[in-house]
2 protein chains.
Amino acid sequence: MGENDRMTQVEKAIIGLRGLVMSGEFDAGSRLPEVALAERLGVSRTPLRQAMDRLVSEGLLERIESGGCRVASFDLDDINDAIELRGVIEGTAARLAAERGVDAEVIADARGLLARIDEGISGPNSVDFDLYVRLNARFHDMLAQMAGSDLIRREVDRVCRHPLASPNAFLRGQEIIPDFLASLVRAQGQHHAIVDAIEAREGARAEALAREHARLARRNFRFLRDADPRLATRIPGLSLVTAQ
Amino acid sequence: MGENDRMTQVEKAIIGLRGLVMSGEFDAGSRLPEVALAERLGVSRTPLRQAMDRLVSEGLLERIESGGCRVASFDLDDINDAIELRGVIEGTAARLAAERGVDAEVIADARGLLARIDEGISGPNSVDFDLYVRLNARFHDMLAQMAGSDLIRREVDRVCRHPLASPNAFLRGQEIIPDFLASLVRAQGQHHAIVDAIEAREGARAEALAREHARLARRNFRFLRDADPRLATRIPGLSLVTAQ
DNA sequence: TGGTAGCCGAATGTATACACTGACGCGTAG
DNA sequence: CTACGCGTCAGTGTATACATTCGGCTACCA
């Protein structure tokens, strides 16, 4: 990986540790040993501890009073709250974008992006899943910026990074769900509606739509959870979910 | 300071650095020298850098691409956005509390707290300002917990810690405003209404009230800004505000 | 005289060494 | 046999030492 050279040790530790925790390498609630982890990630303890601070603020780890960190565990309520929060924050971004207005060019960009998603999911019968995931993430990024506020953009990014509430969380693996394509179509319909509302300066509608849009994540999660227990070890983050 | 013994070096650095920055010791946009700061705060560079990470995530500092941190600067839009965000988050806490319901005991506690505030501001003619500030903070803490979600509570705490959007930000110094007491009375009226709405399970109303309640901070800030430029050096955080 | 290249210094990012606290185990006494 | 106390040690929190990079200054050339 050539771009590893430009990656600082802290980023390396953040990405590596996040990947390890999400993959279920450590049981939920287990304490993370710093020295062993540092060696495993190929960094020293200093950047590793910075990475741990970061993951604590993301909610993926919890600090232990007596020292150190443990892997967080989530129940259904936690996930629903995180999804609710994302809906609220993205809803605010959409509302502010509508109220404050955005350049026609930005609207056009968003429409272009949505057109590409339309193509992707209305193909013959095989959906380019990775493409959808990538474009979906980009759409939510665009939404974050449309309010024209750095603070709002940062906050949207934050809640979208939440391991169990990101727009693409639990999207991989959905292939097994029968009407999974219908779910994508529905989500995409909401994307269009949100952009419409922003363009029409309908703040309340944009906010409500974005909130409801986040709710799809609940369905996705429940489907996946009920589908097959064996998936828990294959879907990133699913191993951190406790049985209510 | 007896409890300084139990305070970790990182907390010491966080509190000290936050105080230094808020006091206007450093100009907005100026780079923070680590070695000098560490010596001044009586800690080593390691906990100081952790504190800087924390203040970056709080928005008080900004990371510089080439390395190090600088003091953030805020214009009116930044402050309005931060206040808006707090209103949205606190509004969500209020709405969820109403929708999910809270124990009668908690409602009673909140009422008791509000009664103490009522006493404080309806006294003869002198208002116990520090008392109001403290009880106001406690009320917002209680609100954060009422949703019954750790995630929501943490997020409310986060946005309330934002230097320029906290419920008590720019409250000190308001004594000079003629109808400042009227402003407190109005805020207190909203406190009561929020609790009423939560008790009555009126989620939408609770949310709207909490949002509007945050808007009072805008007025407070504008009053203070227009009042007397000399105050800038005495009100914590005001020195970080640029002239639009 | 202005601009550029190269070097030097300072300050950050990282690694490592040290200190101290909390936990586990072993031994002894009741 | 159990319970309490002490000692050891693993592991975190903190300090310091090292390396690397960025910025600034000077000197030289056009």
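Proteins get letters first, then strands, A, B, ... in listed order; numbering begins at 1 in each.
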Quiz item: Aromatic rings B/His213 and B/His140: how do their planes relate, parallel, tilted or perpendicular, breaks at 30° and 60°?
Solution: parallel
Self-check item: C/dT14 OP1/OP2 closer than 4.0 Å to side-chain N/O of A/Thr8
Solution: yes
Quiz item: Of the candidate nucleotides C/dT12, D/dG23, C/dG22, which contains the atom at the shortest distance from the side chain of B/Ser66?
Solution: D/dG23
Exercise. Answer with yes or no whether B/Arg45 presents, from its side chain, a donor or acceptor under 3.5 Å of a partner atom in the base of C/dG13.
Key: yes
Quiz item: In whole angstroms, how far is the P atom of D/dG13 from the CZ atom of B/Arg54?
Solution: 14 Å
Quiz item: Which nucleotide sits closest to the side chain of B/Val35: D/dG13, D/dA15, C/dT12?
Solution: C/dT12
Quiz prompt | Side chain B/Asn220, main chain B/Phe170, donor-acceptor under 3.5 Å | solution = no
Practice problem: Mind telling me whether B/Tyr132 and B/His191 have parallel, tilted or perpendicular rings, with 30° and 60° as the class edges? | Solution: parallel
Exercise. Please confirm whether the backbone N or O of A/Asp78 pairs with a side-chain atom of A/Asp75, one donor and one acceptor, at under 3.5 Å?
Key: yes
Practice problem: Nearest whole angstrom, please: distance from the P of D/dG13 to the CD of B/Glu11. | Solution: 11 Å
Quiz item: Between atom CE in B/Met7 and atom P in D/dG13, what is the gap in whole Å?
Solution: 17 Å
Practice problem: Round to a whole Å and report the spacing from CG of B/Leu48 to P of D/dA15. | Solution: 10 Å
Practice problem: Using heavy atoms to find the nearest nucleotide of DNA chain D for A/Pro33 and B/Gly42 separately, return the residue whose nucleotide is more 5′. | Solution: A/Pro33
Exercise. Using whole Å, report how far CD of A/Glu34 lies from C1' of D/dA10.
Key: 12 Å
Practice problem: Mind checking the CZ-CG spacing from A/Phe74 to A/Leu164? Nearest 0.5 Å is all I need. | Solution: 4.5 Å
Self-check item: Whole-Å distance separating the CE atom of A/Met52 from the P atom of D/dT12
Solution: 7 Å
Exercise. Answer with base, sugar-phosphate or nothing: what part of the nucleic acid does A/Leu32 contact at a heavy-atom distance below 4.0 Å?
Key: sugar-phosphate
Practice problem: Report the distance from atom CG of A/Asp53 to atom C1' of C/dG13, rounded to the nearest whole Å. | Solution: 16 Å
Exercise. Would you mind reading off the distance between B/Arg31 atom CZ and C/dT12 atom C1', rounded to a whole angstrom?
Key: 8 Å
Quiz item: Can a side chain N or O of B/Arg49 be found less than 4.0 Å away from OP1 or OP2 on C/dG13?
Solution: yes
Self-check item: Phosphate OP1/OP2 of C/dT14: any A/Thr46 side-chain N/O under 4.0 Å
Solution: no
